[in-house]
*Asks:* 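Input: one structure, supplied below.
Fair warning: this is a prediction, and the values are worked out from it, not measured in the lab.
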Amino acid sequence: MSLDVNKLRGSSKLANLSEYVEISEGTWPENLSGHVFIVAPFNRESDTHLFTGEGVIVRWDLKSENGKVKVNSKKLKTWDSLWYSSLLPIIKLFPKKFFPARTGFWGISEIANTAIVNMGGRLILTADAGRYWEADPNTLETLTPIGRFDEHIVSVPLSFFPMVANTAHPFYDEEVEELITCELKTTPRKENFVVDMTSAPYITRWDGEGTLKHWELAGTVLDGTPHTAIVTEKLIMIPDMPFQTGIAMLLGLKIPPRKAYPKTQMYIVKREDLKTNKETVPSRLVTFGGDSYHFVCNYRHIDNEIRFVTVQQGTISLTEAIEPGDVKHFSGESYPKECYGLPWMFAFDPGVLRKVVINEDAQLISEEVFIHPGWYTTVLYTADPRELKEKTGYSAIYQVYGGFHQDLVCRRQYMSFRDHGTRFFTDEQLPEEDLPCVLAKLPTDLNWEELTEKLKIEQQANPDTHLSELGRELLDFYVCPKGHLLDSIQFIPQEKGYIFISVVTPTGSEIWLFAADCLKQGPIAKINLSKKIDFGFTLHSEYFERLSERKSTYKVNRLASALGSLTKVPYEFFLNPRSDIVNRKVR
């Protein structure tokens, strides 16, 4: 295989680490400061999905000392480890995997392992299922879950720990000092209740101290899940994305939900309509092409228009993973055991970035698609956070492309997406060899349709040029060596900017630092961790300019919340009117 899949699973040492590591290559900027937080799943031998296992927090202190930088990590202490220990003797009796959550006798595990939010200096860990959790950014100790179960919109009222389906990417609006997110109340689809579910979405706001406040989007039903809450100065936008769930999947049965709608549907709410005395809020729908997973959206409106970039990929599914019995699609060979649990995260279609403009009345103004014929699998991304609230908005998106890896596309994955409506290439157009990982800067002021066309012309005129190298005169990008996979990526907003990125290499984990204005020169500094610890495949990250002492006294009693869910949650889920849930008093 072009990637050593064993390197994607993190070492258990990651769960509790504090040490200085040497800069192995290049020069680390002397004036670099601040902290980068990364979250990773805690990988255990019996976990059959790469992304299961509660979150591990990794903090990098960027100020170097004598040619070294400090790395700290600690495992989040939700209920997941307790579950794992108590169920270990009979673990085979329960579903082997369900992502983005793990089900068992006690209900839904809370993993909080997907993304990080800097909430005014407070460190919040998130996932697409389960409550958010707060940790101390200084000590990395777990402090509290966010909200009692009966404060949330419960999706499925299971046992002690009901399922709270939400979004891994809430938005903290520092202007109003509120965390804005979305929660879902799930019901089986009437025409196919065993296989598929639909969800009523609720916008949820939290001021960091009181109870959560909810508004249902009137008459709105999602086929999938949001994964991202998109917020501007005037609007909250909830996308309907292809992270789908069914009762069969919850029970661990191999019956997939129906295929997602092959476009992005986005529900738009005016923030001024979120009245404290209202239970519902109207929404408007806008639809545009492609399967969207992540968004980079300007906070300020420009000429009453909302402008954003959406990261798209039509031939992956993170809820599915390679299992025993699967075969490699392109060769027909069986998979070795070390591949089991690896998500369908590598695509067999080029990655897509789509620049979209809509107006405040939810009308689609324009969309431009960028496709590079040699850049496959859009993975994680970053942008300059200093530009979020600038009047001109983001100037560029820095995108990681995970590459094309024929051996990591299984037959079930191919059969699920071979006729997907968002595919751009036919099977005949797929490359005959694996393609490497790429880090690219895409300026937003370029015309992406014209850029895509120029790449096509260049490819035709230069058939001997390696596919991944096309566009050297058009764009700033870096092509990784074979066997390397770029991973968690974070823009460091100092001077002209730096790109901090974790890398899975054939020998272990590394950290690479790029100058944001010149990716093509390669990393200006590297930290080699292979002899100390393997981080494996990590997920999203966040930058903190400084660490400060926690001033809040907010804390939820975990045991009381779990016990209370046995009585309050089923009653509210099945019997209570909506008003009893959305109109709770805020302390």
Side-chain angles (χ1 to χ4, degrees), residues 33-37 115-124 126 137 167-182 203-208 226-239 266 268-274 286 292 294-311 353-362 365 380-399 441-446 489-500 516-517 540-546 548:
S33 62
H35 312 269
V36 171
F37 287 84
I116 291 175
V117 177
N118 181 349
M119 187 175 174
R122 294 168 67 177
L123 179 63
I124 309 296
T126 71
T167 165
H169 298 286
F171 182 85
Y172 176 65
D173 192 335
E174 60 184 16
E175 293 191 357
V176 296
E177 298 183 331
E178 282 189 335
L179 190 71
I180 300 171
T181 182
C182 174
I203 287 175
T204 299
R205 298 193 324 197
W206 183 54
D207 64 3
H227 189 60
T228 302
I230 311 160
V231 179
T232 74
E233 58 185 329
K234 299 179 183 179
L235 304 176
I236 299 173
M237 297 178 281
I238 306 299
M266 182 181 291
I268 301 175
V269 171
K270 291 183 178 180
R271 294 177 67 169
E272 64 182 19
D273 289 340
L274 298 173
V286 63
S292 300
H294 294 117
F295 297 83
V296 179
C297 183
N298 296 335
Y299 184 82
R300 305 293 178 200
H301 296 198
I302 302 174
D303 298 327
N304 296 320
E305 294 178 344
I306 301 93
R307 305 183 183 191
F308 54 87
V309 173
T310 175
V311 180
L353 295 180
R354 188 180 300 264
K355 187 166 39 172
V356 179
V357 180
I358 63 176
N359 64 21
E360 295 177 7
D361 294 322
I365 305 300
L380 302 179
Y381 62 97
T382 192
D384 188 344
R386 295 172 295 192
E387 298 177 340
L388 168 63
K389 294 187 176 180
E390 293 293 325
K391 293 181 179 180
T392 53
Y394 287 112
S395 62
I397 178 174
Y398 297 80
Q399 179 66 48
K441 176 183 179 181
L442 273 298
T444 56
D445 61 351
L446 298 179
I489 178 172
Q490 182 62 48
F491 193 101
I492 301 175
Q494 297 178 26
E495 299 180 340
K496 293 183 178 180
Y498 298 94
I499 302 296
F500 179 99
D517 62 346
H540 290 279
S541 60
E542 186 58 273
Y543 172 78
F544 281 53
E545 183 178 354
R546 63 182 64 87
S548 56

*Asks:* Atom CD1 of I236 and atom CD1 of I203: how far apart are they, to the nearest 0.5 Å?
*Replies:* 4.0 Å
*Asks:* As an exercise, state the distance from CD1 of I230 to CZ of F295, rounded to the nearest 0.5 Å.
*Replies:* 4.0 Å
*Asks:* Determine whether a donor-acceptor pair (N or O, by modelled atom type, separation under 3.5 Å) exists between the side chain of S541 and the backbone of I489.
*Replies:* yes
*Asks:* If you take all heavy atoms of A168 and T126, which pair is closest and at what distance?
*Replies:* O-OG1, 2.6 Å
*Asks:* Less than 4.5 Å apart, side chain to side chain, heavy atoms only: is that true for P226 and C182?
*Replies:* yes
*Asks:* Start with the C-alpha distance between C297 and M237, add both sets of side-chain angles, then the distance that settles side chain to side chain contact (heavy atoms under 4.5 Å, CB included), and finish with yes or no.
*Replies:* CA-CA 10 Å; C297 183; M237 297 178 281; 4.0 Å; yes
*Asks:* Residues in side-chain hydrogen bond (donor to acceptor under 3.5 Å, both in side chains) with H35, at least two apart?
*Replies:* D61
*Asks:* Rounded to the nearest 0.5 Å, what separates atom CG in L388 from atom OH in Y299?
*Replies:* 8.5 Å
*Asks:* Can you tell me if D361 has over 12 outside heavy atoms packed within less than 6.0 Å of its CG?
*Replies:* yes
*Asks:* Closest heavy-atom contact between A229 and T167?
*Replies:* N-OG1, 3.7 Å
*Asks:* Please answer whether the main-chain N or O of N304 pairs with a side-chain N or O of K234 as donor and acceptor at a distance below 3.5 Å.
*Replies:* no
*Asks:* Could you report the tightest heavy-atom contact between G121 and P137, atom names first, then the distance?
*Replies:* O-CG, 3.7 Å
*Asks:* List for me each residue that meets side-chain hydrogen bond (donor to acceptor under 3.5 Å, both in side chains) alongside R307, sequence neighbours excluded, and say none if there are none.
*Replies:* E305
*Asks:* Look only at the side chain of Q490 and the backbone of T382, and say whether a donor-acceptor pair between them is shorter than 3.5 Å.
*Replies:* no
*Asks:* So, do H294 and H227 sit near enough that their side-chain heavy atoms are less than 4.5 Å apart?
*Replies:* yes
*Asks:* Count the heavy atoms of every other residue, nucleotide or ligand shown that sit under 6.0 Å from CD of E233, and state whether that count exceeds 12.
*Replies:* yes
*Asks:* Please work out which of the three classes, parallel, tilted or perpendicular, describes the rings of Y398 and F491, given edges at 30° and 60°.
*Replies:* tilted
*Asks:* Are any of the side-chain heavy atoms of L235 and H301 separated by less than 4.5 Å?
*Replies:* yes
*Asks:* List the steps and the verdict of side chain to side chain contact (heavy atoms under 4.5 Å, CB included) for V311 and I397.
*Replies:* CA-CA 10 Å; V311 180; I397 178 174; 4.1 Å; yes
*Asks:* In Å and rounded to the nearest 0.5 Å, what is the OG to CD distance from S33 to Q494?
*Replies:* 4.0 Å
*Asks:* Can you give me the closest heavy-atom contact between G208 and R122, atom names plus distance?
*Replies:* O-NH1, 3.0 Å
*Asks:* The criterion is side-chain hydrogen bond (donor to acceptor under 3.5 Å, both in side chains); which residues satisfy it with T181, sequence neighbours excluded?
*Replies:* Y132
*Asks:* Testing the basics here: between K391 and I302, what is the closest heavy-atom pair and its distance to 0.1 Å?
*Replies:* O-CG1, 3.4 Å
*Asks:* Which atom pair, heavy atoms only, marks the closest approach of Y172 to E178?
*Replies:* CD1-O, 3.4 Å
*Asks:* Quick one: CD1 on I492 to CZ on F500, what's the gap to the nearest 0.5 Å?
*Replies:* 6.5 Å
*Asks:* Side-chain contact test, heavy atoms from C-beta onward, threshold under 4.5 Å: evaluate it for L123 versus F37 and give yes or no.
*Replies:* yes
*Asks:* Is any side-chain heavy atom of M119 less than 4.5 Å from a side-chain heavy atom of W206?
*Replies:* yes
*Asks:* Answer yes or no: is there a donor N or O on one side and an acceptor on the other, between the side chain of T444 and the main chain of S395, under 3.5 Å?
*Replies:* yes
*Asks:* To the nearest 0.5 Å, how far apart are CE in M266 and CD1 in I358?
*Replies:* 6.0 Å
*Asks:* Taking side chain as C-beta onward, heavy atoms only, is E542 less than 4.5 Å from V117?
*Replies:* no
*Asks:* Report yes if the side chains of N298 and Y394 come closer than 4.5 Å at any heavy-atom pair, otherwise no.
*Replies:* yes
*Asks:* Should the pair K389-D173 be classified as a salt bridge under the 4.0 Å nitrogen-to-oxygen rule?
*Replies:* yes
*Asks:* For side chain to side chain contact (heavy atoms under 4.5 Å, CB included), just list the numbers for L442 and K355, CA-CA rounded to whole Å, side-chain angles, deciding distance to a tenth of an Å, and then say yes or no.
*Replies:* CA-CA 11 Å; L442 273 298; K355 187 166 39 172; over 6 Å; no
*Asks:* Contact between I268 and I306 at the side-chain level, heavy atoms closer than 4.5 Å - yes or no?
*Replies:* no
